[in-house]
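The structure appears right after this line, and notes come after that.
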Amino acid sequence: MKTENIRIIVAGPRGKMGKEAVWLVHRTEQFELVAAVDSKNNGLLLQDLNGMPEEDTPVFDNMETCLQQIEADVLIDLTAPEAGKHHLELALDYGVRPVVGTTGFTQQDVERLREKSEEKELGAIIAPNFAIGAILMMKFSQMAAKYFSDVEIMELHHDRKLDAPSGTAVKTAQLISDIRETKEQGHPDEKEELTGARGASVDGMRIHSIRLPGLVAHQEVLFGGSGQTLKIRHDSMNRESFMPGVKIAAETVLTLKTLVYGLENILE
């Protein structure tokens with residue numbers, strides 16, 4: 001890994017996650033914040049925005065303009081799904097390694113972007129969840145699925161979240177599906193008296209999404225077996241909990257020449 005400073009662009013600095021990322025870069029000795037991309041405030045400096053550190057970092061409202069004018073090593077993008085996809089591709093086009101924390105990428109998106117990443121010989125990371133504890137929760141759930149074939153996933157998030165189910169829930173279901181054979185759960189003749197009462201189905205397992213003010217990011221994976229249940233749960237109480245994972249991703253992406261989907265793939 002490079003020993004000099006890692007030059008970083010942060011997209012979405014006014015968002016709750018983006019603001020935490022700005023402060024992470026600001027306080028990390030080997031990181032250098034070289035630009036921010038915001039839908040507003042073009043031409044201002046980061047220090048001109050409320051709640052930002054005293055950094056004379058330029059703010060752009062257009063990602064391509066930023067990449068044309070700023071030399072950077074890594075883009076940390078914590079915006080929205082469509083913007084995240086667009087910014088990831090632009091970053092690769094300009095030789096910058098993207099770390100994207102938005103969800104909404106399909107398997108086809110990931111495969112196409114991985115091909116582009118490998119063609120450019122540039123690392124890229126898409127992480128549905130940056131919390132180390134959440135990654136362990138997913139790994140433990142995959143381990144449990146070897147022994148429990150009946151499982152339901154409950155994900156709970158704040159009421160400003162746009163997508164349902166969460167990327168973490170979808171990723172958890174994918175990891176479990178790699179181990180678990182498809183099985184339709186519940187009584188074969190069960191009937192939903194209210195549509196959606198049983199949640200979404202992935203290979204027969206169920207995912208339930210809860211949205212309430214006061215929540216941040218939480219997930220519970222409940223396994224059932226003969227005479228026993230197993231509950232694996234992770235709770236993020238604030239967005240600072242995601243920053244150790246963002247830091248690991250920003251450092252590791254420099255060593256990659258492909259796109260990695262899921263932080264669990266870069267953790268030892």
Side-chain angles (χ1 to χ4, degrees), residues 6-28 31-106 109-110 112-113 116 124-130 157-164 166-168 211 213 215-217 236 238-240 242-243 245-247 249-250 253 259:
I6 300 171
R7 299 167 298 181
I8 296 176
I9 299 168
V10 173
R14 287 182 298 109
K16 292 179 180 178
M17 279 283 286
K19 184 176 291 186
E20 289 288 350
V22 166
W23 280 101
L24 168 72
V25 176
H26 175 72
R27 65 175 178 258
T28 301
F31 289 175
E32 179 184 355
L33 187 60
V34 294
V37 176
D38 184 21
S39 59
K40 301 177 181 178
N41 303 305
N42 183 55
L44 296 181
L45 300 178
L46 196 65
Q47 63 190 12
D48 298 327
L49 308 186
N50 289 334
M52 292 292 115
E54 288 294 318
E55 293 228 20
D56 57 354
T57 302
V59 178
F60 297 83
D61 64 0
N62 182 276
M63 178 61 72
E64 188 160 18
T65 302
C66 175
L67 292 166
Q68 288 170 346
Q69 297 185 21
I70 300 294
E71 289 189 14
D73 303 303
V74 174
L75 164 67
I76 297 176
D77 186 286
L78 301 166
T79 56
E82 288 308 312
K85 293 177 190 178
H86 180 56
H87 293 169
L88 190 156
E89 291 209 61
L90 281 174
L92 291 175
D93 287 338
Y94 283 89
V96 176
R97 293 160 176 83
V99 171
V100 179
T102 55
T103 56
F105 288 85
T106 66
D109 289 333
V110 172
R112 178 177 59 81
L113 293 167
K116 184 167 187 173
I125 295 173
I126 301 170
N129 197 318
F130 281 110
H157 283 80
H158 55 88
D159 61 347
R160 300 292 90 190
K161 186 169 177 60
L162 298 178
D163 57 324
S166 68
T168 300
R211 299 290 178 266
L215 296 172
V216 178
S236 282
N238 55 48
R239 288 164 181 83
E240 189 178 355
F242 303 115
M243 292 305 109
V246 173
K247 181 176 183 292
V253 74
L259 183 149

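Index from 1, following the sequence. No experiment lies behind these values; they were computed from the predicted model shown.
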Assess whether atom CD of Glu71 is packed by more than 12 heavy atoms of other residues, nucleotides or ligands within 6.0 Å. no

Check Leu46 against Ala36 and note the closest heavy-atom contact, atom names and distance. CD1-CB, 4.0 Å

Side-chain contact, heavy-atom cut-off 4.5 Å: Leu113 with Phe105? yes

Heavy-atom closest pair (Val34 atom, Ala72 atom, distance to 0.1 Å) is CG2-CB, 4.0 Å

To the nearest 0.5 Å, tell me how far Ile76 CD1 sits from Glu20 CD. 12.5 Å

Nearest heavy-atom neighbours spanning Thr79 and Gly84: OG1-N, 3.6 Å

Going by heavy atoms in the side chains, are Asp93 and Lys116 under 4.5 Å from each other? yes

Heavy-atom closest pair (Leu33 atom, Thr57 atom, distance to 0.1 Å) is O-OG1, 3.2 Å

Between Asn42 and Asn62, is the side-chain contact (heavy atoms from CB on, under 4.5 Å) condition met? List the steps. CA-CA 8 Å; Asn42 183 55; Asn62 182 276; over 6 Å; no

What are the two closest heavy atoms between Val216 and Ser236, and how far apart are they? CB-O, 3.2 Å

Any side-chain heavy atom of Leu75 within less than 4.5 Å of one from Met63? yes

Check whether any side-chain heavy atom of His87 lies under 4.5 Å from a side-chain heavy atom of Val100, and answer yes or no. no

Test side-chain contact (heavy atoms from CB on, under 4.5 Å) applied to Met243 and Val246, step by step: CA-CA 5 Å; Met243 292 305 109; Val246 173; 4.0 Å; yes

Side chains of Leu215 and His157, heavy atoms from C-beta outward: is any pair under 4.5 Å? no

Could you check whether any side-chain heavy atom of Leu88 comes within less than 4.5 Å of a side-chain heavy atom of Asp77, counting everything from C-beta outward? no

Quick check on side chain to side chain contact (heavy atoms under 4.5 Å, CB included): which of Leu78, Val10, Val22 does Met17 satisfy it with? Leu78

Hey, are the side chains of Val110 and Leu259 touching, using non-hydrogen atoms and a 4.5 Å cut-off? yes

So that I can tick it off, tell me whether Asp159 and Arg211 are bridged by a salt bridge, with the cut-off set at under 4.0 angstrom between side-chain N and carboxylate O. no

Is there a side-chain contact between Asp61 and Asn41 in this structure, where contact means two heavy atoms from C-beta onward sitting under 4.5 Å apart? no

How long is the straight-line distance from CG of Asp73 back to CZ of Arg97, given to the nearest 0.5 Å? 7.0 Å

Interatomic spacing from CD in Glu240 to CH2 in Trp23 - rounded to 0.5 Å: 12.0 Å

Please report the interatomic distance CG(Leu24) to CZ(Phe242), rounded to the nearest 0.5 Å. 13.5 Å

Taking atom CD of Glu82 and atom OG1 of Thr102, what is their separation to the nearest 0.5 Å? 9.0 Å

Please report the interatomic distance CD(Glu64) to CD(Glu89), rounded to the nearest 0.5 Å. 11.5 Å

Around atom CZ of Arg160, are there more than 12 heavy atoms from other residues, nucleotides or ligands closer than 6.0 Å? no

For Glu54 and Gln47: C-alpha separation, side-chain torsions, deciding distance, then whether side-chain contact (heavy atoms from CB on, under 4.5 Å) applies. CA-CA 5 Å; Glu54 288 294 318; Gln47 63 190 12; 3.5 Å; yes

Test side-chain contact (heavy atoms from CB on, under 4.5 Å) applied to Phe60 and Ile70, step by step: CA-CA 10 Å; Phe60 297 83; Ile70 300 294; 3.7 Å; yes

